[in-house]
Asks: 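Let me give you the structure first, and then I'll get to my questions.
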Amino acid sequence: DLIGRLLLLSFRVTEPPLEPLRTFQPAGFIFFPGNVPSTDTVRRLTSSLQQEVSYPLLFAIDQEGGPINSYRDNNATVFPGNMALGAVGDENLAKAVGQATAEELAYLGMNLNFAPSVDVNVNPDNPVISIRSFGADPSDVARLASAYHEGLIAGGVASTAKHFPGHGDTNVDSHLALPVIDKTREALDGLELVPFRALVDAGVPAIM
């Protein structure tokens, strides 16, 4: 049971994965787009899975806004991504978007969002972060990401600061290969780690 609690399981169907749940007793499940064909389907999934166990399950999803959204049913609001929020620069707007996103996810039964991305977008050759970042200034990223995190929490969904230790100054997609950031600790402290420290100070419950 203790080993199982370290696992978030994925599944490839829209029927409740009851056998893996009973076998592994995992911490919960991650939902990818194929698991989210409709709002009603996800509500049934999360409800039926939770009813099978006596402990609270984590139901996680990638819902960053912009192009990165696993929940794209007609009932879902596709909010502007981080770069758009960064261009506006308004913490109140970032918090409002985070809270609205969380409220829609909570209606599905989700309680963990793999957002916000707190990468500092300083490499024009980056193939994977780009508009997923709030910007190129670490202080602005920290400020807006903290507000977005506060909005998620206010809406009843746990947030996740990603992608530690910072994916903004890379030229490799980490889904395909291993990026290497060849920097001194001092350089990391002055750029990549600034938003992560801010989110930790704000009480972020998870880091990817």
Side-chain angles (χ1 to χ4, degrees), residues 8 10 30-33 60-72 76-98 100-102 105 112-153 157-208:
L8 279 178
S10 65
I30 177 170
F31 284 66
F32 289 103
I61 195 167
D62 273 300
Q63 196 77 3
E64 294 181 18
I68 309 298
N69 294 285
S70 292
Y71 177 41
R72 286 183 171 272
T77 305
V78 180
F79 291 101
N82 289 348
M83 184 169 282
L85 293 175
V88 176
D90 186 337
E91 293 172 46
N92 290 327
L93 178 61
K95 181 177 180 179
V97 170
T101 298
L105 293 179
L112 174 61
N113 190 12
F114 290 139
S117 170
V118 302
D119 304 298
V120 184
N121 189 42
V122 293
N123 189 333
D125 295 324
N126 195 313
V128 67
I129 299 303
S130 185
I131 62 173
R132 298 169 66 189
S133 169
F134 287 104
D137 183 287
S139 297
D140 286 340
V141 173
R143 178 174 58 86
L144 294 169
S146 295
Y148 190 93
H149 145 77
E150 291 173 4
L152 286 174
I153 298 299
V157 172
S159 58
T160 307
K162 66 183 187 184
H163 306 83
F164 187 84
H167 205 334
D169 193 8
T170 62
N171 58 8
V172 173
D173 183 345
S174 55
H175 299 91
L176 307 175
L178 179 64
V180 175
I181 301 175
D182 187 11
K183 293 187 176 184
T184 64
R185 175 58 186 266
E186 183 180 15
L188 288 170
D189 283 339
L191 187 75
E192 278 85 359
L193 299 183
V194 172
F196 286 100
R197 285 203 175 90
L199 267 291
V200 169
D201 289 343
V204 71
I207 293 176
M208 180 189 292

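It should be emphasised that the depicted structure is a prediction, and the values quoted were computed from it without experimental measurement.
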Asks: Can you tell me how far apart CG (Leu112) and CG (Leu8) are? Round to the nearest 0.5 Å.
Replies: 7.0 Å
Asks: Ignoring hydrogens, what is the shortest heavy-atom contact between Pro179 and Val172? Give both atom names and the distance.
Replies: CG-O, 3.7 Å
Asks: Do the side chains of Val120 and Asp137 get nearer than 4.5 Å, heavy atoms only?
Replies: no
Asks: Using side chain to side chain contact (heavy atoms under 4.5 Å, CB included) as the criterion, list what pairs up with Ile181, not counting sequence neighbours.
Replies: Thr170, Lys183, Leu188, Glu192
Asks: Kindly write out the residues that satisfy ring pair (Phe, Tyr, Trp, His ring centres under 6.0 Å) with His149, not counting sequence neighbours, or none if the list is empty.
Replies: none
Asks: According to the ring pair (Phe, Tyr, Trp, His ring centres under 6.0 Å) rule, which pairs have a member within residues 179-208, sequence neighbours left out?
Replies: Phe164-Phe196
Asks: For Val128, does its backbone N or O pair with a side-chain atom of Asn126 as donor and acceptor, under 3.5 Å?
Replies: yes
Asks: To the nearest 0.5 Å, tell me how far Leu178 CG sits from Leu176 CG.
Replies: 12.0 Å
Asks: Could you tell me which non-hydrogen atom of Pro138 sits nearest to which non-hydrogen atom of Leu191, and how far apart they are?
Replies: CB-O, 3.7 Å
Asks: With rounding to the nearest 0.5 angstrom, report the CG to OG distance, Asn123 to Ser130.
Replies: 10.5 Å
Asks: Could you grab the distance from atom OH of Tyr148 to atom CG of Asn82, nearest 0.5 Å is fine?
Replies: 7.0 Å
Asks: Would you say that Ser117 contacts His163 through its side chain, given a criterion of any heavy-atom pair below 4.5 Å between the two side chains?
Replies: yes
Asks: Only counting residues at least two apart or in another chain, list the ones meeting side chain to side chain contact (heavy atoms under 4.5 Å, CB included) with Glu150.
Replies: Lys95
Asks: Is the shortest heavy-atom distance from the side chain of Glu64 to the side chain of Thr101 under 4.5 Å?
Replies: no
Asks: Quick check: does any side chain N or O of Thr160 sit under 3.5 Å from a backbone N or O of Asn113, one acting as donor and the other as acceptor?
Replies: yes
Asks: Extract all donor-acceptor atom pairs below 3.5 Å that involve side chains of residues 198-208 and protein atoms in other chains or at least two apart in sequence.
Replies:
none

Asks: Please examine the side chains of Phe134 and Pro116, heavy atoms only from C-beta on, and report whether any two atoms are closer than 4.5 Å.
Replies: yes
Asks: To the nearest 0.5 Å, what is the distance between CD1 on Ile129 and CG on Asp119?
Replies: 4.0 Å
Asks: Do the side chains of Leu85 and Leu93 get nearer than 4.5 Å, heavy atoms only?
Replies: yes
Asks: For residues His167 and Ser174, is any side-chain donor paired with an opposing acceptor at under 3.5 Å?
Replies: yes
Asks: What distance do Ser159 atom OG and Leu152 atom CG have between them, rounded to the nearest 0.5 Å?
Replies: 5.5 Å
Asks: How close do Asp189 and Arg197 get, counting heavy atoms only, and between which atoms?
Replies: OD1-NH2, 3.1 Å
Asks: Output all residues satisfying side-chain hydrogen bond (donor to acceptor under 3.5 Å, both in side chains) with Arg72, sequence neighbours left out; order by chain, then residue number.
Replies: none
Asks: Please determine whether a side-chain nitrogen of the Lys or Arg among Arg132 and Asp62 lies less than 4.0 Å from a carboxylate oxygen of the Asp or Glu.
Replies: no
Asks: Let's go through Asn121 and Met83 carefully: what are the C-alpha distance in whole Å and the side-chain angles of both, what is the deciding distance for side-chain contact (heavy atoms from CB on, under 4.5 Å) to 0.1 Å, and is it a yes or a no?
Replies: CA-CA 9 Å; Asn121 189 42; Met83 184 169 282; 3.8 Å; yes
Asks: Taking all non-hydrogen atoms of both residues, which atom of Gly66 and which atom of Val78 are closest, and how far apart?
Replies: O-CG1, 3.8 Å
Asks: Are the side chains of Glu91 and Leu144 in touch, meaning some heavy atoms are under 4.5 Å apart?
Replies: yes
